[in-house]
A.B. asks: 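Below is the structure I would like to discuss, written out as structure tokens.
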2 protein chains.
Amino acid sequence: MSDREAEGTGPATVPAPPVRRLRRAERREQILDAATRAFARAGYAATGLDDIAAEAELTRAMLYRHFDSKADLYRAVLDRACVRVAEEVGADDFGDDAIPALLRAAAADPDGFRLLFRHASREPDFRELIDSFAAASREVAHRNLARHIPAGPWLDWAADLIPTITLEAVIAWLDAGRPDPGQAAERIGQIVHGVMAAARPTG
Amino acid sequence: MSDREAEGTGPATVPAPPVRRLRRAERREQILDAATRAFARAGYAATGLDDIAAEAELTRAMLYRHFDSKADLYRAVLDRACVRVAEEVGADDFGDDAIPALLRAAAADPDGFRLLFRHASREPDFRELIDSFAAASREVAHRNLARHIPAGPWLDWAADLIPTITLEAVIAWLDAGRPDPGQAAERIGQIVHGVMAAARPTG
DNA sequence: CCACTTGTAGACGCCAAAGTATATATGTGT
DNA sequence: ACACATATATACTTTGGCGTCTACAAGTGG
């Protein structure tokens, strides 16, 4: 909402659209931003290129100047989101900073975060792009749990569950308005601890 | 290998496909079974009628003798899955039998259960069908939590999280090979208790 | 035996959405 | 000033999947 005035006597034509010109790399990023928002609403299949063009305030033709196809664009979106999360989390799987890092990543790119873990992880054609995460997390959880829990179905169960629950807790934290990241990390850590406790043999 | 006798001298034609005939109501159920399996793999958009027909070992034409459209079939699948879950759980939200009931429902119809809570709940056009569940669960969780936790973002956070985590734990239990339902209920209850504890004010 | 139901087989129309093409306009750097 | 990159606008083609139709085959019950 903004300018668009200073005439009043002019003809009934629109004053002239601003036509924001950006250099190629910047425009590409801006398209990725818009596409991330659009895809985050409904996932790959349910989002049309027109939706994305509208979100980016561009024509569909421009999308093809930057990306070969819808799938190519989607991959670029997921790649960028993945890289961002990876940059925050680093190799620090399960260290003390892992959960705070996830919270930082989610806060820095909430749409990308939600897109990755609510939609892309369920889309057969694209889940491979984030499966490295899922697999690594399960792997690490499995190794850590194995020091306290005997091998068996309950170990597998907890190793599957811990990454999932952590991510859901982070997303719920986004939805709740991102209160106090420090407390959030502590509370989520507590939940994870609770899952580990629940996976121990009954006795 | 079987009957269809006296070949050997006959022409090279295939012995003749059995062609299983069922009465209308049974066929309908069989189609719903197959469609549930097919949709459970990739959700609504990514599943074609051909996939479903193949899964049901039928032609696409037959699907239209029983359902008006793809959306109609999907709704029927979701409805049935919903009813099954509702029958197990009943009005027993948050009672001692709630989690065992969920486990029974998941074991009785694992594909339907996964379809409902992994896919349908994220599909804008269909989430309404199960939103009653989600809303009711959040509602109940919210009310129960409010007795121990002051209103605020952490209450909302936990109320959102508890139903989600419970369902994820049930699905992970399916994936882990459904070990000992009694223990599973207890362990999941313990996790939920842990979430409630984690949502209390820090002190 | 006949009517009816259940089934196959496959061609076809249709439509939405992806992807292509062309003509034109205008900031920007050199 | 000029070339080029960035952008619009719109019309067009292609494609994939839904939905329809017709013709035929075979099991079942009165």
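To find a chain, count down the sequence lines: A is the first, B the second, and so on, and within it residues start at 1.
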A.B. asks: Does B:Glu55 reach the main-chain N or O of B:Ala35 with its side chain, forming a donor-acceptor pair under 3.5 Å?
C.D. replies: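 Checked: no pair found.
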A.B. asks: Please name all residues satisfying salt bridge (charged side-chain N to carboxylate O under 4.0 Å, His left out) with A:Glu29, sequence neighbours left out, ordered by chain then number.
C.D. replies: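 Only A:Arg80 meet the salt bridge (charged side-chain N to carboxylate O under 4.0 Å, His left out) criterion with A:Glu29.
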A.B. asks: Compare side-chain N and O positions of A:Thr59 against OP1 and OP2 of D:dA9 and report whether any pair is under 4.0 Å apart.
C.D. replies: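 So the side chain of A:Thr59 is outside the cut-off, no N or O lying under 4.0 Å from OP1 or OP2 of D:dA9.
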A.B. asks: Could you list the protein-to-nucleotides 14-21 of chain C atom pairs, N/O on both sides, closer than 3.5 Å?
C.D. replies:
residue	atom	partner	partner atom	Å
C:dA18	OP1	A:Leu49	N	3.4
C:dA18	OP1	A:Lys70	NZ	3.4
C:dA18	OP2	A:Leu49	N	3.4
C:dG19	OP2	A:Tyr64	OH	3.2
C:dG19	OP2	A:Lys70	N	2.9
C:dG19	O5'	A:Tyr64	OH	3.4
C:dG19	N7	A:Arg60	NH2	3.1
C:dG19	O6	A:Arg60	NH2	2.7

A.B. asks: Quickly work out the B:Leu63 CG to D:dG17 P distance and round it to whole Å.
C.D. replies: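 In whole Å, D:dG17 P lies 15 Å from B:Leu63 CG.
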A.B. asks: In chain order, what residues pass the ring pair (Phe, Tyr, Trp, His ring centres under 6.0 Å) check against A:Phe113, with sequence neighbours excluded?
C.D. replies: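 Once residues adjacent in sequence are excluded, the partners of A:Phe113 under the ring pair (Phe, Tyr, Trp, His ring centres under 6.0 Å) criterion are A:Phe117.
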A.B. asks: Please identify each residue that fulfils ring pair (Phe, Tyr, Trp, His ring centres under 6.0 Å) with B:Phe67, with sequence neighbours left out.
C.D. replies: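 Checked B:Phe67 against ring pair (Phe, Tyr, Trp, His ring centres under 6.0 Å); zero matches.
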A.B. asks: Are the side chain of A:Trp173 and the backbone of A:Ile188 linked by a donor-acceptor contact shorter than 3.5 Å?
C.D. replies: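 The answer is no, because no donor-acceptor pair under 3.5 Å joins these two groups.
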A.B. asks: Counting heavy atoms not belonging to A:Arg84, are there more than 12 under 6.0 Å from its CZ?
C.D. replies: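 It does: A:Arg84 CZ has more than 12 such atoms within range.
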A.B. asks: Using a 4.0 Å heavy-atom cut-off across all strands, classify A:Glu57 as base, sugar-phosphate, or nothing.
C.D. replies: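 If one applies the 4.0 Å heavy-atom cut-off, A:Glu57 turns out to touch the sugar-phosphate alone, with no base involved.
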A.B. asks: How many whole angstroms separate atom OH of B:Tyr44 from atom C1' of D:dC18?
C.D. replies: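 The distance from OH of B:Tyr44 to C1' of D:dC18 comes to 9 Å, rounded to the nearest Å.
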A.B. asks: Can a side-chain donor-acceptor contact be found between B:His142 and B:Asp156 if the only test is distance below 3.5 angstrom?
C.D. replies: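 A donor-acceptor contact under 3.5 Å links the two side chains.
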A.B. asks: Starting from C1' on D:dT6, measure out to NE2 on A:His66 and report it in whole angstrom.
C.D. replies: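 Taking NE2 of A:His66 and C1' of D:dT6, I get 8 Å after rounding.
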A.B. asks: What pairs of residues pass the salt bridge (charged side-chain N to carboxylate O under 4.0 Å, His left out) test when at least one of them lies in residues 177-195 of chain A, not counting sequence neighbours?
C.D. replies: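 Sorted result for residues 177-195 of chain A: empty, none.
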A.B. asks: Could you write out each protein N or O paired with an N or O of nucleotides 4-6 of chain C at a distance under 3.5 Å?
C.D. replies:
residue	atom	partner	partner atom	Å
C:dT5	O2	B:Arg21	NH2	2.8
C:dT6	OP1	B:Arg24	N	3.2
C:dT6	O4'	B:Arg21	NH2	3.2
C:dT6	O3'	B:Leu22	O	3.2
C:dT6	O2	B:Arg21	NH1	2.7

